[in-house]
Protein chains: 2
Amino acid sequence: MASLLEGKARPIRLADIAKAAGVSHGTASNVFSRPEIVRAEVRERVKAVAEQMGYAGPDPKGRLLRAGRVNAIGVATTEPLSYFFDDPFARVMMAGISEACDATGAGIALVSAANQEKLAWNIQSALVDGFILFCIEGGSRLVDLTRERRLPFVALELGFQDETVSAIGVDNVAGARLAARHLAELGHRRFAVLSLAFADNRTGFATPDIVRGALYTGTRDRLAGYFEELSRFGVDTTKIPVYETENEERSTRAGLEAIFARGEAPTAILAMSDRMALIAIDWLKARGLSVPGDVSIVGFDGVPDGALCTPPLTTIAQPITEIGRRAARMILDHDGAVRRETMGVELIVRASTGPARKG
Amino acid sequence: MASLLEGKARPIRLADIAKAAGVSHGTASNVFSRPEIVRAEVRERVKAVAEQMGYAGPDPKGRLLRAGRVNAIGVATTEPLSYFFDDPFARVMMAGISEACDATGAGIALVSAANQEKLAWNIQSALVDGFILFCIEGGSRLVDLTRERRLPFVALELGFQDETVSAIGVDNVAGARLAARHLAELGHRRFAVLSLAFADNRTGFATPDIVRGALYTGTRDRLAGYFEELSRFGVDTTKIPVYETENEERSTRAGLEAIFARGEAPTAILAMSDRMALIAIDWLKARGLSVPGDVSIVGFDGVPDGALCTPPLTTIAQPITEIGRRAARMILDHDGAVRRETMGVELIVRASTGPARKG
DNA sequence: GCGGAAATTTGAATCGATCCAACAAAAATG
DNA sequence: CATTTTTGTTGGATCGATTCAAATTTCCGC
């Protein structure tokens, strides 16, 4: 009777093999996970039975539960999944993470979600040993959500006050100063800033109040760096327009419109990301302005695209790949400690900056 | 006594909460997975206990084992992990896959490995409900390995004789014919082909024997398409040099060297990938040859980069994003059937092709 | 206060493996 | 040949949840 029902497509378990081969499940398990400790004769017999019954090998689901370790790290963001494949900064970062994972055989699980509830669920149910968080917009929510999982995690970008969170970032103040000094030394005195977000869901000119109340301290630090350095050159920083964008096409162009609609056009633009800088170059060229003839531009990040555009972009390069590698290592070798690392940055002078025009 | 030892950092389980709150595991489980069926008063009490004990929520590892479903799909290749973030074709494909996954809340696990043993292990131990295989070099091995997992999988690229494998690909013959006709109609009569691999680990001019014995039938079909169409225009296809590359920089340049070292230089190049086509444009320009003045080039794939280079690339566009979407859907809605889909392709004429020079 | 329907709660079974202490058999030693 | 050692095998416990049939409680109307 029962044998008639066995046609069911129920997948074969290790226990089935053990029974069929006449050994205990312990031995059957050893045949697959530690073949060297089981007698050759038995080993071959079990393997033959497994082969013949069409056993797919030990199911990782079962192994996982026992082992407790997934051997994969989750990379999460509030952007849609395609962000990982589109955004140049993310891509370079992922290359670094991939490298570290490849080296240890760990896997990568991409986590993201179109909406907030899904994000929460995806974070809660991701099968990973830890998370690397891309703290773009909505970063603080992402951190809160992840904290609840009680797994190790690292935030990329140190733009967090919260000292209890492990993070890797760059020295934003120093980088910003490098950029500002470079332009000032070229003789520029009229500036505009294309800024990253100070808080979520805002664009437009930033007031001192907004800057003081910044949620993203990384943005605040970069601005502080710009201003500190420019002050040393006698520039009145209170007159510098700072336009907060969402680091994408639309709001960046809106920012440029707004900046150039004001009385005195800047001769130099400090962009807090290469992405904005590249959009700016494009916008300026379309407007008939020469870069760097009429306007010089310095970016921030050092993505590969910056080297390929026309003119090639002068920028503050972060060691993006290295940050990715370290973040992955931090999760893989996690020891329970909170680590906060600040990496150095480097000014890369290309052709998007030149001497200020006379007058 | 025992209570003194409880300081151990052993993570809290659902059972601990149940005991502490004085309910059964069943009820405790329901509080988290189906809160609506438990009495409000009990629900709040359990939640309060969980909160107070620092419970991280039901562990996905446990849930997974019971549920049997991971809710994630694996994307595998024999290239290193960074391939997913570097290669333009892969990136567009991933965008399509991401889209489908985002829509259903499924996750993506990237699987790859530097070496063969690791690849096997990674495929065997990936926590996924199915695989999408990028069948580049070593595709057949990848298919064999995946088949052993007995999970649903789809091969991208139909270049497989094996009809028992689900696959999505494009009509290679039709695409190739489109490319060849376009060039022939422009008056070209002297051709060269930059070919994808016919088998693993080979580069150099392909002989008829190699073509006949092709492991990758997709490559063979494209070549057949080129030849069929050119024959109709009276071109002697036996004289056309076909150089097999590894679809990367070094071997493609070597191929170009070899092709142009021969007697009569071609006036048109048929490249089986945009990647090779772009490398060819670069190589020709560096050599002082004008594209399309001296040499016309048609690519294959339709990656975004092709539209941005100078001159913009004429190519056979595959519906890459759509292929990715369908592949993901095939895994997510898997019904046990083997599906083989062939998508149409489209000739996109840009500026890398022009009339053949007189003489 | 009672019967019966509806709403909750219980606890054993299950998912698919790995680990390990205990035991058995074979081999080496005195 | 008795006694260690070495080598292999066994079967119960465990990982952390979910499920479901059965037991219990609550709620209602009469």
Side-chain angles (χ1 to χ4, degrees), chain A residues 8-46 49-50 53-71 121 124-129 149-151, chain B residues 8-46 49-50 53-71 121 124-129 149-151:
Chain A
K8 272 280 191 64
R10 192 165 150 302
I12 293 109
R13 307 194 310 295
L14 184 53
D16 302 327
I17 303 296
K19 193 187 298 173
V23 297
S24 70
H25 55 269
T27 299
S29 171
N30 286 335
V31 167
F32 292 96
S33 47
R34 299 144 77 200
E36 70 282 2
I37 75 164
V38 24
R39 197 152 42 97
E41 184 202 331
V42 175
R43 193 196 317 142
E44 293 316 319
R45 177 155 47 94
V46 173
V49 170
M53 291 180 72
Y55 180 55
D59 187 327
K61 293 201 286 289
R63 190 210 321 277
L64 165 64
L65 182 56
R66 188 71 242 243
R69 226 173 157 285
V70 184
N71 200 32
W121 174 252
Q124 279 158 22
S125 62
L127 287 158
V128 298
D129 299 317
R149 238 343 254 285
R150 287 164 212 264
L151 286 176
Chain B
K8 273 278 189 69
R10 192 165 151 301
I12 293 109
R13 306 191 314 293
L14 183 54
D16 303 327
I17 303 296
K19 193 187 298 175
V23 297
S24 67
H25 348 285
T27 300
S29 172
N30 286 334
V31 167
F32 292 96
S33 48
R34 299 143 78 199
E36 69 283 1
I37 74 163
V38 25
R39 194 151 44 97
E41 185 203 330
V42 176
R43 192 196 319 142
E44 293 316 318
R45 177 156 46 94
V46 173
V49 170
M53 291 179 74
Y55 180 55
D59 186 327
K61 292 201 286 288
R63 191 210 322 276
L64 165 64
L65 181 55
R66 189 69 241 242
R69 223 172 161 288
V70 184
N71 200 31
W121 174 252
Q124 280 158 22
S125 63
L127 287 158
V128 297
D129 299 316
R149 238 344 252 287
R150 289 165 210 261
L151 286 177

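Because the structure is predicted, anything quoted here is derived from the model rather than measured. Throughout, protein chains are lettered first and strands after them, A, B, ... in sequence-line order, and every chain is numbered starting at 1.
The CD-P distance, from B/E41 to C/dA7, rounds to 18 Å in whole Å. Between the NZ atom of A/K61 and the P atom of C/dT18 there is a distance of 14 Å, given to the nearest Å. One interatomic measurement links the two molecules: CG of A/N30 to C1' of C/dT18, which rounds to 9 Å at whole-angstrom precision. Regarding A/K19, its NZ atom lies at a distance of 15 Å from the P atom of D/dT10, rounded to whole Å. A straight line from CG of A/L14 to P of D/dT14 spans 20 Å, rounded to a whole angstrom. Nucleotide D/dG8 holds its P atom 14 Å from the CD atom of A/E44, rounded to whole Å. Between the C1' atom of D/dC15 and the CG atom of A/L127 lies a distance of 14 Å, rounded to the nearest Å. Between the CZ atom of B/R34 and the P atom of D/dA17 there is a distance of 16 Å, given to the nearest Å.
Relative to the side chain of B/V38, the nucleotides C/dT9, D/dA17, C/dT18 differ in distance, and C/dT9 lies closest.
Scored by the salt bridge (charged side-chain N to carboxylate O under 4.0 Å, His left out) test, A/R150 finds no partners at all (sequence neighbours excluded). By the side chain to side chain contact (heavy atoms under 4.5 Å, CB included) test, B/A126 pairs with B/V111, B/V128, B/F131, B/R149, sequence neighbours left out.
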For a quick test of your reading: what N or O donor-acceptor pairs under 3.5 Å do the side chains of residues 31-38 of chain A make, sequence neighbours left out?
from, atom 1, to, atom 2, distance (Å)
A/S33, OG, A/S29, O, 2.9

Residues 61-71 of chain A, side-chain donor-acceptor partners within the protein, below 3.5 Å, at least two apart:
from, atom 1, to, atom 2, distance (Å)
A/K61, NZ, A/D59, OD2, 3.2
A/K61, NZ, B/G68, O, 3.4
A/R69, NH1, A/N71, OD1, 3.4
A/N71, ND2, A/G105, O, 3.3

Using nucleotides 12-15 of chain C, report all nitrogen or oxygen pairs with the protein that are shorter than 3.5 Å.
from, atom 1, to, atom 2, distance (Å)
C/dT14, O2, B/R66, NH1, 3.1

For nucleotides 21-28 of chain D, list the nitrogen or oxygen atoms of the protein found under 3.5 Å from its nitrogen or oxygen atoms, one pair per line.
none

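Judged by distance alone, the side chain of B/S125 and the main-chain N or O of B/W121 form a donor-acceptor pair under 3.5 Å.
Dashed line: the shortest gap from a side-chain N or O of A/Y55 to OP1 or OP2 of C/dA17 is under 4.0 Å. OP1 or OP2 of D/dT10 lies within a sub-4.0 Å distance of a side-chain N or O belonging to A/T27. In this model, the phosphate group of D/dT18 is approached by a side-chain N or O of B/S29 to a distance below 4.0 Å at OP1 or OP2.
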